[in-house]
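Since this is a predicted model, take the numbers as computed values, not measurements. Numbering of ligands and ligand atoms starts at 1, following listing order.
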Amino acid sequence: MDSFIIRGGSRIKGTVEISGSKNSSLPILAACLMADGKTILHRVPRLSDVNSMIDLITQLGCSVKRNDPKEKGGLQLNGSLEVEVVTEQQCWAPYEVVKTMRASICVLGPLLAKRGRARVSIPGGCAIGDRPIDLHLRGLQKLGAEFRTENGDIVGEVRGRLKGCRMYLGGAQGPTVLGTINVMCAAALAEGETVLVGAACEPEVTDCANFLNAMGAQIKGHGTPEMHIEGVDCLEACEHTVIPDRIEAGTFMIAAAITNGELELRNCELDHLVAVVDRLEEVGVHFEQQGKNTVYVTSSRRLNPVEMTTQPYPGFPTDVQAQLMALLCLADGNSVITERIFPDRFLHVGELNRMGARIRKEGATAIIQGVKDLQGARVMASDLRASAGLVLAGLVAKGVTQIDRIYHVDRGYEKLEAKLQAVGANIERVSQKAVA
Ligand code: EPZ
């Protein structure tokens, strides 16, 4: 297993290219199962969750080809993907794949809509909490799918064709992103109209809806809590460019702020980050839009404490919570973070405290008492975004920070250490055996 070794103290300065969105790429790759012909996707990031999804749809009968990036040199990001369904025999998403990546569940809707049957290993919990799929199943059942559980798998069948209807899709913690996408995909090929009330509004839902519409689907209201989907008989393969990864962009904004640096972010869609910009401006971070999708980020030396509660989009995203917490460890006063989406998503607290932070958890709330400095330490990554928070803390900590199990980082960030090195961070990847 690899580790990061970070020597803190360098100011981040320069230009970073934001990759395509992981959380948009995964459901769009699953939706390719519904396409007749060859789909071409641009800006699909090279990271392990995307590789897992490519493996899964390959097992489900797709041929997938990754082309090299057109531009030579640089960090070799992007490069288009060609996806084509070759056979529809295999409809099983096995435990080996699903256990490493919960998002595998988003093949359920496309398989039921296109092939009328699906078998997906029930995703277990993960480091950030339980990951139920009751809302996915309830929505698909309302369209006519029938489910049973068998040896840890959910087995779904459709007698005839799915049938559209009006339904409420929300849950106790608000809307479900992948649940909305699963039901949206299924409804796209159902008979008649489906109205989804309580739909998730995340940009990744909108991007997937735009992808389906480019294939011939009739989806309206995407990006709002009420979506109208008129079912069609078939979907033709298309060419699509994935939206920028707003979570990676938020992570780099905080990298600039925590090191009191200055960063130009390219391929950054500020409209997808209004709540993040709002909180960071209150902390003392400055943003200057420089042309389409280019943003210049600097910060004051003194950081103000803030309150933040994670919310469904357009609220502050839970996926940037750990990164903001790392920044607030150095604010001049006490901050409060409340986690409304995944109340247990605080595994980074213990590790940050080992670096000298003063964070106290009270249920789904963390109180962060600002300190003058963080100290480098050996810490352990636990989940994707907690790991990103530890990297950010390491950039500013005094001395050396070693972060173990960074396979968590590789799931959701494309060439993170290369991008950070290119803007002055002293970070290197070492394999476990090389580290004492
Ligand atoms: C997506 O997960 C993202 N993953 C997550 O990002 C993100 O944290 C999450 O949305 C919330 O924004 C991908 O897009 C691949 P949800 P998803 O269904 O769709 C509850 C990352 O770091 N719920 O919107 O699985 C659930 O427990 C990952 O990139 C039910 O109760 O999340 C949670 O409290 C981590 N029943 C809330 O809803 C269900 O059937 C929101 O979950 C489904 C969800």
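The shortest contact between atom 18 (O) of ligand 1 and any protein heavy atom is with Thr176 OG1, 2.7 Å. Protein heavy atom closest to atom 40 (O) of ligand 1, with residue, atom name and distance, is Leu135 N, 2.7 Å. For atom 1 (C) of ligand 1, the closest heavy atom belonging to the protein is Val177 CB, 4.0 Å. The single protein non-hydrogen atom nearest to atom 15 (C) of ligand 1 is Asn23 OD1, 3.3 Å, given as residue, atom name and distance. Closest protein heavy atom to atom 36 (N) of ligand 1: Asp134 OD1, 2.7 Å.
Checking only distances, Ile341 does come within under 3.5 Å of ligand 1, N or O to N or O. When only interatomic distances are considered, the shortest N/O to N/O separation between Gly179 and ligand 1 does not fall below 3.5 Å. Distances between N or O atoms of Leu384 and those of ligand 1 include no value under 3.5 Å. On a distance-only criterion, Ile128 and ligand 1 share no N/O pair closer than 3.5 Å. Between Glu202 and ligand 1, no N or O atom pair is found at a separation short of 3.5 Å. Considering backbone and side-chain atoms alike, Thr318 places every N or O at 3.5 Å or more from each N or O of ligand 1.
Formation of a donor-acceptor pair under 3.5 Å by the Glu157 side chain with backbone atoms of Glu146 is not found in this model. Judged by distance alone, the side chain of Asn210 and the main-chain N or O of Thr206 form a donor-acceptor pair under 3.5 Å. Between the side chain of Ser335 and the backbone N or O of Val306, at least one donor-acceptor pair lies under 3.5 Å. In this structure, Glu248 contributes its side chain and Ser19 its backbone to a donor-acceptor pair below 3.5 Å. Under the 3.5 Å distance criterion, the side-chain polar atoms of Asn182 are matched with a main-chain donor or acceptor of Ile105.
For atom 20 (C) of ligand 1, the protein comes within 4.0 Å by no heavy atom at all.
No salt bridge links Glu193 with Lys220; every basic N to acidic carboxylate O contact stays at or beyond 4.0 Å. Using a 4.0 Å cut-off between a side-chain N of Lys or Arg and a carboxylate O of Asp or Glu, Lys361 and Asp344 do not qualify as a salt bridge. For the pair Lys22 and Asp245, the salt-bridge criterion is not met [side-chain N within less than 4.0 Å of a carboxylate O]. A salt bridge is absent between Arg161 and Glu191: the closest approach of a Lys/Arg side-chain nitrogen to an acidic carboxylate oxygen does not fall below 4.0 angstrom. Salt-bridge annotation for Arg345 and Asp319: present, with a side-chain N of the basic residue lying under 4.0 Å from a carboxylate O of the acidic one.
With contacts defined as side-chain heavy-atom distances shorter than 4.5 Å, the pair Thr401/Leu390 does not qualify. Looking at Leu75 and Glu414, their side chains never come closer than 4.5 Å, going by heavy atoms from C-beta outward.
Residue contacts with ligand 1, taken as heavy atom pairs separated by less than 4.0 Å, involve Phe342 solely via side-chain atoms from C-beta onward. Heavy atoms of Arg385 found under 4.0 angstrom from ligand 1 belong exclusively to the side chain. At a 4.0 Å heavy-atom cut-off, ligand 1 does not touch Glu204 at all.
For ligand 1, the atoms lying closer than 4.0 Å to a non-hydrogen atom of Ala103 are 15 (C). Less than 4.0 angstrom separates some heavy atom of Arg131 from each of these atoms of ligand 1: 2 (O), 17 (P), 25 (O). Near Gln173, the atoms of ligand 1 lying under 4.0 angstrom from a non-hydrogen atom of the residue are 34 (O), 37 (C). Counting the atoms of ligand 1 from 1 in the order shown, those under 4.0 Å from a heavy atom of Lys22 are 21 (C), 29 (O).
In this structure, of Ala386, Gly139, Pro132, Ser25, the residue bringing a heavy atom nearest to atom 31 (O) of ligand 1 is Pro132. Closest heavy-atom approach to atom 8 (O) of ligand 1 within the set Leu178, Asp344, Asp319, Val205: this belongs to Asp319. Nearest residue to atom 35 (C) of ligand 1 from Arg345, Arg102, Glu339 is Arg345 (criterion: closest heavy atom).
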Should Ser63 and Glu84 be marked as a side-chain hydrogen bond (donor to acceptor under 3.5 Å, both in side chains) after you check the CA-CA gap, both sets of side-chain angles, and the distance that decides it? CA-CA 5 Å; Ser63 85; Glu84 184 161 13; 5.0 Å; no

